[in-house]
Each structure stands twice: as structure tokens, then as C-alpha cells.
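Here the structure comes first, spelled out in C-alpha cells, and everything after it is commentary.
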Number of protein chains: 2
Amino acid sequence: MAEGRDELKLLGMWTSPFVIRVKLALSFKGLSYENVEEEDLYYNKSELLLKSNPVHKMVPVLLHNGKPVCESLLIVQYIDEAFSTDGPSLLPAEPYECAMARFWATYIDDKLFASAFQASRAKTEEEKAEALKQTFTAVETLEAAFKECSKGKPFFGGDSMGYLDIVLGGHIPLVYVGEVRHGIKLFDGTRSPLLEAWMERFSALDAAKAILPEVDSLIEHSKAKQARAAAMDPTASN
Amino acid sequence: MAEGRDELKLLGMWTSPFVIRVKLALSFKGLSYENVEEEDLYYNKSELLLKSNPVHKMVPVLLHNGKPVCESLLIVQYIDEAFSTDGPSLLPAEPYECAMARFWATYIDDKLFASAFQASRAKTEEEKAEALKQTFTAVETLEAAFKECSKGKPFFGGDSMGYLDIVLGGHIPLVYVGEVRHGIKLFDGTRSPLLEAWMERFSALDAAKAILPEVDSLIEHSKAKQARAAAMDPTASN
């Protein structure tokens with residue numbers, strides 16, 4: 001990035017996997033940016049956020065020289081294309097591999113983590129069991145996809161990490177939180193040995209360690225949020 | 001496309017806006033392909049479809065030399081990238097414009113047409129009114145997006161049509177059907193004069209006329225489907 005020419009500002013919230021994903025992309029590309037933390041996404045969104053993402057009013061938003069890009073998967077692709085000469089390429093160069101990467105990225109968000117989220121919020125044991133069933137089916141599907149994409153190498157991107165590593169990498173902190181808070185071990189040595197090993201490998205990368213928030217802090221935050229919700233609505237759980 | 005080297009096969013269903021979208025992309029790129037119509041997507045999906053799209057089991061699927069690409073928005077991007085030297089480019093070359101095109105493409109499917117579909121299937125007047133309110137808010141938002149993307153020119157893509165034109169273009173036949181069958185005029189001169197004019201302009205293009213199915217045939221198909229559903233479940237309505 002030509003410093004002084006390009007100004008990058010990230011509107012985010014430190015606990016969001018979608019924001020973490022964008023931070024990972026910026027980190028791996030070696031791009032510096034100003035981090036702007038939203039104070040209260042539930043009741044008091046900032047004017048800058050509402051102006052920058054009037055359609056969805058959600059984080060993350062990346063402002064590049066003042067121009068907003070929204071939706072984390074699109075932001076990561078944008079970073080890769082707009083800063084093609086900075087750091088490694090994230091998306092595969094080959095069109096078919098690129099289409100596969102985009103396909104699995106959407107799958108990770110819309111199937112795997114949507115089901116896991118439902119399981120963590122289930123109100124009955126039956127609901128939880130059904131959501132977990134869908135979650136683990138998705139894990140097995142993704143395990144097979146990892147095998148296909150990585151071709152026996154350490155990352156989705158092959159020898160070095162790429163787009164899908166970043167997409168899934170943003171969820172890692174919440175995978176650990178889910179294990180502690182909800183007893184859901186998403187990746188394990190029996191069902192998904194490749195993904196379990198991938199998660200350890202990814203978390204150990206310097207560019208990832210610099211970004212991934214502490215699991216203990218996330219757990220504290222999650223507990224505090226639950227306590228606030230319970231105080232406002234005594235019938236609410238989790 | 002180097003004939004004899006590349007084999008393209010499209011698994012689809014002629015009434016689907018997502019399949020029409022892919023056909024439009026192939027048409028505008030001047031690519032020839034074998035069209036494989038699914039006979040019964042509800043009760044008897046083909047072995048080829050189940051094998052080619054085991055995750056979602058949905059059309060369209062584009063098989064390129066036997067390798068499947070799924071999800072219509074990804075297929076159109078794939079066609080553009082894999083056949084970059086055939087016909088016009090569909091996605092904008094400039095990364096920011098490209099990010100915007102991807103953003104609005106998802107908006108068209110997930111907000112605009114998801115709401116319009118809900119309105120067409122509403123069981124009560126209240127449900128229909130609420131879905132229509134969301135639909136027309138989305139139309140107004142897209143009208144503003146058209147103004148921004150087209151910069152006063154005839155298409156989302158500027159002087160000639162591009163990715164977003166194709167994405168929205170696939171929905172045109174059902175826009176006409178929705179007007180006749182459900183009394184929902186999606187684009188009109190008051191709320192969305194730019195989109196209304198765009199729809200007429202797009203429909204008149206030779207490459208579009210060659211692809212867009214006859215509205216009368218779609219209406220017949222829609223009525224027959226409703227009659228079959230009513231015969232199987234007398235309480236069902238459309």
C-alpha cells in the first residue's frame with residue numbers, strides 16, 4: 001500500500017467473527033489501517049456506520065479513502081483485488097478454484113455457522129439436537145472440502161493460507177468460546193481431524209496471533225452480555 | 001471459446017430466474033452449451049444433478065468439461081473469469097465498482113426478490129401488505145443504486161450491459177408474471193422510472209430476446225403448477 005495515498009479505516013466490533021475476518025485479511029496483506037470500534041451496536045450505532053452502510057447498518061465496513069465497502073466476504077475480495085501488489089494473493093488465480101473458494105466461503109457462513117449459532121441459542125434439547133445434527137453434517141462436508149481444496153497441503157490455499165483460511169479463521173475464537181460456554185466441540189479428531197489440525201496450524205501463524213482476540217476475554221464479554229440481557233428480561237436465557 | 005476443447009453443459013429448469021441468469025451470461029459471452037432440462041425438480045431430481053451439486057441439490061449447475069460450478073451468482077462470475085477473452089467483460093475491472101456490483105447482486109436476490117416472493121405467497125392481506133412494503137422499499141433502494149452504478153448511462157454496466165444487468169435480467173420474466181398473476185407491478189414510472197426504462201431496454205436486446213422465456217408460457221406453467229398443488233392439497237393456495 002502506498003502510505004499517504006491510501007487511507008483505510010475499519011468500522012467494527014472486536015468480538016465479531018466477520019470483523020476478525022477482515023482484520024485477518026488486512027494483517028496477511030500487511031496493510032495498516034485505523035480501527036474504529038463501534039461502542040454499542042445494539043442501541044446506539046454511530047453516525048459514520050449508518051452513513052457508510054445505510055442498507056444493512058452492520059459491521060464490518062471498510063472505508064478506503066472514504067469510500068465504504070460492506071459485507072465481510074466482499075471486503076476480503078476487495079482487499080485482495082484493490083491491493084493486488086501488496087502481500088500474497090488471497091483468492092486462487094485459477095477461475096475454477098476461485099469459484100470453489102467462493103462457494104465454500106458462503107457455505108461456512110450460511111450452513112456451518114448458522115447451524116452452530118442456532119444450536120447455541122436453542123431453547124429446548126430437541127431444538128439443540130436438531131441444530132447440532134445439521135452443524136456436524138456441515139462439518140463433515142467441510143472436512144471433505146478441505147481435503148479437496150488443500151490437496152494434502154496445510155491450508156485451504158495450499159502451502160500458504162488464502163481466502164478460505166481467512167474466512168474460516170475469523171470464526172476460530174468463537175469455536176473455542178462455543179466449546180467452553182455451550183459444550184459444542186466443533187472440530188475434533190474423530191469427525192474432522194483435518195480441520196482440527198488446520199485450526200491449530202492457523203492459530204499459530206504470527207499474522208493470525210496478532211489478530212485473534214483472547215478467548216478468555218471473549219468468554220467474559222459473552223457472560224456480561226448474558227447478564228445484561230437477563231437483567232432486562234428475566235425470562236431470557238443465553 | 002475454443003470449440004472442441006471446452007464442453008459446457010447447463011443443468012437447469014426453463015422457468016427459474018437463476019437458470020435464465022446463467023443462460024443470459026452465456027448468451028452475452030457468445031458461448032455455446034448443451035442445455036439439460038431437469039424434468040421434475042420437486043420429486044425426481046436427476047442423478048447428474050445430485051452428483052454435480054450434492055450440497056444444495058439445486059439448479060443451475062454449469063458443467064465445464066465435466067467439472068461442476070454451482071450457485072448462479074458464482075456461475076456468472078466463473079463464466080466471466082474462465083472465458084475472459086470471449087465476448088465482453090461482465091464484472092467491472094475496477095475493484096471498487098466490482099465490490100459494488102457484487103453487493104447489489106446479493107441485494108437483488110436476498111432482499112428485493114425474497115420480499116416479492118413472500119408477497120406473492122402471502123396467506124393474509126396483512127402479510128401481503130408487509131411484504132409489499134419491504135419489496136417497494138427495496139425497489140427504491142435499487143433505483144438509487146442504478147443511478148449510482150450507471151452514471152446516467154443505459155445499463156448498470158454503463159454503455160453496455162454487465163454483471164448486474166444479467167443478475168436482474170434473469171428476474172424480468174417473473175416480474176411480468178407477478179404483474180399478471182398477483183397484481184404486483186414491481187417497477188413503475190413513479191417509484192422507479194429508471195428501472196422501468198432499464199427493463200424495457202434490456203428486454204429489447206437481441207441476446208436477451210434469445211433467452212427470456214415467453215411470459216404467456218410462464219403464466220400457463222404457473223397456473224398448471226397451482227392446479228396440481230390444489231389437486232394434491234385442496235387447502236393450498238398460490
Can you confirm whether more than 12 heavy atoms, excluding those of A:Met199, are under 6.0 Å from its CE atom?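 For A:Met199, atom CE is crowded (more than 12 foreign heavy atoms under 6.0 Å).
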Using non-hydrogen atoms only, which part of B:Pro68 is less than 4.5 Å away from chain A: side chain, backbone, both, or neither?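 For B:Pro68, backbone and side chain are both near chain A.
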With sequence neighbours left out, write down each residue that passes side chain to side chain contact (heavy atoms under 4.5 Å, CB included) with A:Ile20, or none if nothing qualifies.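 A:Leu24, A:Pro173, A:Ile211, A:Leu212, A:Pro213.
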Of the listed residues (A:Val55, A:Ile75, A:Val69), which shares the most heavy-atom pairs with chain B below a 4.5 Å separation?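 With the most close heavy-atom pairs to chain B, the winner is A:Val55.
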Note each donor-acceptor pair with a separation under 3.5 Å, taking one atom from chain A and one from chain B.
from, atom 1, to, atom 2, distance (Å)
A:Pro68, O, B:Tyr96, OH, 2.7
A:Glu81, OE1, B:Arg102, NH1, 3.4
A:Glu81, OE2, B:Arg102, NH1, 3.3
A:Glu81, OE2, B:Arg102, NH2, 3.1
A:Tyr96, OH, B:Pro68, O, 2.7
A:Arg102, NH1, B:Glu81, OE1, 3.4
A:Arg102, NH1, B:Glu81, OE2, 3.3
A:Arg102, NH2, B:Glu81, OE2, 3.1

